[in-house]
Amino acid sequence: MQTPINYLSASELAAKIRNGEITSRQAVESFFEQIEKHNPALNAVVTLNEIEALAAADAADRARENGENLGALHGVPITIKDTYKVKGLRATAGYEPLKDYIADEDAVPVKLLRDAGAIIIGKTNTTVLAMDMQTFNPIFGRTNNPWDVERTPSGSSGGCATALAAGMTSLSIGSDLAGSIRVPAAYCGVYGLKPTHGVLSLEGHIPPVPGEVNGVRTLAVPGPLARSVDDLALALEILSQPNAYDRNIAPLLPDDGETLDISQLKIAWMDDFGGVPISVEVKEKLHGFVDKLAQAGASVHKVEPQGMDYEKIWELWSAFVGAQSNLDMSNLMRSIGAAFAKKSVTPIPMHRKIVGPTSVKKLMEAFALQSRYITKMDNFLSEYDAWICPVSSTTAIRHMQPNRNFGIFRIYDTPVSVDGVDVPYYVATQSYTTALTVMDSPVVSMPVGLGDSGLPVNVQVVSRRYTDRRLLKVAKALDAYTEKFDYPLE
């Protein structure tokens, strides 16, 4: 059967528009029809850009008729997470003081995508200032998972992932600090790339709130979500190119042009680490995937990097986030916050140091410790083509309400059940992603099949820093051995 326009990948759409098989206007209209049909139940796309998008589509079609090539995404409709500025559109980041804020310029990733011919059809929902693992905010409300509307698509790029799984966009750009690309991709069964830190520009992202100093200078990255590895690779090339908008990005290692064969790959894998429980459903799909790779001729090894104290690594993540995101908070206020939050953060290592007094010395000590762990991880990964591990403890969880709020931060005392074992909310959803965030490693979150619950199961595929291009080639080779499935909505 022919794939509907709105479920074609961005790469396929670009090729069909370039070849004249479909027009850009047909593509844009198809996605707006899908949004009209399914968005009321899912609430993934929160701001439409219909008039401008249709005009841009007509311009793209005229350009093609005149023999002009606007770029790799000529006339392709895409969406942008509502944490990025898009000129002339609301940029709220789900934060009430920004509910009427209209961006007067594009974020750097948006500029690069437009330069490549992409057409922005809308903005996707997020959580308040990208600070939760569920997608909810007081401006636009809750985003639902297209596989089961009683479940969350995770956060904070949950609108991106839902829109992709529901056929409401061909490509979406999110951001990731604690797993905000990787976990939504997993909960919705799409693909996501957390690139090496520093190789893509975050200029024009919120946070920081417009007019405030950007304190988050480490860990956070932009990245694409898509329905194929090819689309991740296409987006990476567009977003990583040297440009005059931001000269602070680091270069990726070049593609050496090698052809990868599964029988030549050496793959490390682990089905848990740090003592954080993983559901049987997730483990079984991961095991089945690794078994297929071995049967296909790959050299597979159940192993993890040595010398990793995961408690310290998770605390490192919290130390960076706490020091940088609260850069203007006095130690007196930090101490008061720590006293109020102690009961909630003690069982959550990746939150223990978000509040509490800090100093420049402590931050420098954290950088020094991070450097040692990065070296351990990159040395480990230099022996393998990739390391495969879980994304989170479970498949998509049911919507949960916070027990209380601490400022904009939502606190959950109610645990997540992992096969009957109670695991703190943020431990279950962030442990497997924040550890790799600290390593600055590039990671692909990719679906390997549907679990017994009928929900998607993804794995993280990890490689050394700056080898993002090769990682995507490895992921493409591995993808041939995943169980393919249809998305739930027509």
Side-chain angles (χ1 to χ4, degrees), residues 1-46 48-50 53-54 56-58 60-61 64 72-80 113 117-125 143-149 153 158-173 184-185 187-192 224-235 446-447 449-450 454-456 458 476 479-480 482-490:
M1 293 178 62
Q2 188 174 13
T3 303
I5 289 176
N6 55 288
Y7 276 106
L8 291 171
S9 69
S11 303
E12 292 168 332
L13 267 176
K16 288 183 179 293
I17 291 170
R18 185 166 54 248
N19 296 334
E21 296 178 54
I22 62 174
T23 65
S24 176
R25 187 176 184 94
Q26 285 175 319
V28 169
E29 288 178 341
S30 175
F31 284 109
F32 280 132
E33 288 170 5
Q34 190 77 347
I35 291 169
E36 183 179 6
K37 182 178 179 181
H38 292 298
N39 201 54
L42 299 176
N43 193 35
V45 182
V46 293
L48 289 176
N49 191 31
E50 194 163 4
L54 289 170
D58 290 339
D61 290 333
R64 183 198 166 274
L73 288 173
H74 182 132
V76 175
I78 69 170
T79 53
I80 305 293
L113 290 160
I119 295 174
I120 313 301
I121 60 173
K123 307 283 294 293
T124 56
N125 204 20
T143 296
N144 298 321
N145 193 312
W147 292 91
D148 179 352
V149 295
C160 297
T162 287
L164 282 160
M168 295 191 287
T169 187
S170 69
L171 177 72
S172 202
I173 304 303
Y187 281 13
C188 293
V190 299
Y191 298 76
L225 295 91
R227 285 191 297 269
S228 74
V229 176
D230 287 340
D231 283 0
L232 298 182
L234 175 60
M446 57 183 285
L450 300 180
L455 297 171
N458 277 34
K476 174 77 171 178
D479 191 48
T482 61
E483 297 175 7
K484 303 305 178 188
F485 52 79
D486 292 326
Y487 288 106
L489 304 176
E490 295 182 356

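When side chains are defined from C-beta on, Leu113 counts as touching Ile173, because their heavy atoms get closer than 4.5 Å. Put simply, the side chain of Ile17 reaches to within 4.5 Å of the side chain of His74, judged on heavy atoms. Counting heavy atoms from C-beta outward, Ser24 and Ile119 have side chains that approach closer than 4.5 Å. A heavy-atom distance below 4.5 Å is not found between the side chains of Asn145 and Leu455. Put simply, the side chain of Ile35 reaches to within 4.5 Å of the side chain of Ile121, judged on heavy atoms. With a 4.5 Å cut-off on side-chain heavy atoms, Leu450 and Trp147 count as touching. Residues Pro447 and Val190 form no side-chain contact, since every pair of their non-hydrogen atoms from C-beta on lies 4.5 Å or further apart. You'll find the side chain of Leu13 reaches within 4.5 Å of the side chain of Ile5, heavy atoms only.
Residue pairs that meet the salt bridge (charged side-chain N to carboxylate O under 4.0 Å, His left out) test with at least one member in residues 32-41, sequence neighbours left out, do not exist here.
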task: Test side chain to side chain contact (heavy atoms under 4.5 Å, CB included) on Lys123 and Asn49 and set out the steps.
output: CA-CA 8 Å; Lys123 307 283 294 293; Asn49 191 31; over 6 Å; no
query: Can you list the steps and then say if Leu73 with Leu171 is a side chain to side chain contact (heavy atoms under 4.5 Å, CB included)?
result: CA-CA 10 Å; Leu73 288 173; Leu171 177 72; 4.2 Å; yes
task: Please assess Arg25 against Leu54 for the test side chain to side chain contact (heavy atoms under 4.5 Å, CB included), listing each intermediate value before the final yes or no.
output: CA-CA 6 Å; Arg25 187 176 184 94; Leu54 289 170; 3.9 Å; yes
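Atom CG of Leu48 sits about 13.5 Å away from atom CZ of Phe31, to the nearest 0.5 Å. Taking CD1 of Ile78 as the reference point, atom CG of Leu164 lies at 10.5 Å (rounded to 0.5 Å). Distance check: Asp230 CG to Ser11 OG gives 5.5 Å after rounding to the nearest 0.5 Å. Atoms SG and CE, on Cys160 and Met168 in that order, are 11.0 Å from each other to the nearest 0.5 Å.
When atom types are taken as modelled, the side chain of Asp231 and the backbone of Arg227 share no donor-acceptor pair closer than 3.5 angstrom. Looking at Asp61, its side chain never comes within 3.5 Å of a backbone N or O of Thr23 through a donor-acceptor pair. At distances below 3.5 Å, at least one donor-acceptor pair connects side-chain atoms of Asn39 with backbone N or O atoms of Ala44. Judged by distance alone, with hydrogens and angles left aside, the side-chain atoms of Ser9 form no donor-acceptor pair with the main-chain N or O of Ser228 at under 3.5 Å.
Nearest heavy atoms, Asn144 versus Ala41: ND2-O, 2.9 Å. Of all heavy-atom pairs between Pro456 and Gly189, the closest is CB-CA, 3.4 Å. Across every non-hydrogen atom of Val28 and Ala53, the tightest pair is CG1-CB, 4.2 Å. When all heavy atoms of Ile80 and Ser172 are compared, the pair lying nearest together is N-OG, 4.2 Å. Here the shortest heavy-atom pairing between Met446 and Thr482 reads CE-CG2, 3.8 Å. When every heavy atom of Leu42 is checked against every heavy atom of Pro146, the shortest pair comes out as CD2-CA, 3.8 Å.
Residues satisfying the salt bridge (charged side-chain N to carboxylate O under 4.0 Å, His left out) criterion with Asp479, sequence neighbours excluded, are Lys484. Phe32 meets the ring pair (Phe, Tyr, Trp, His ring centres under 6.0 Å) test with no other residue; sequence neighbours excluded.
Glu12 has no carboxylate O lying under 4.0 Å from a charged side-chain N of Lys16, or vice versa, which leaves the two without a salt bridge.
Remark: the Thr143 side chain and the Asn125 side chain contain an N/O donor-acceptor pair separated by less than 3.5 Å.
By the neighbour-count criterion of 12 heavy atoms within 6.0 Å, atom CD of Glu21 is densely surrounded, having more than that number from other residues, nucleotides or ligands. Applying the 6.0 Å contact sphere to CG of Asp486 captures no more than 12 heavy atoms from other residues, nucleotides or ligands.
Ring geometry, Tyr487 versus Tyr7: the interplanar angle falls under 30°, so the pair is classed parallel (tilted spans 30 to 60°).
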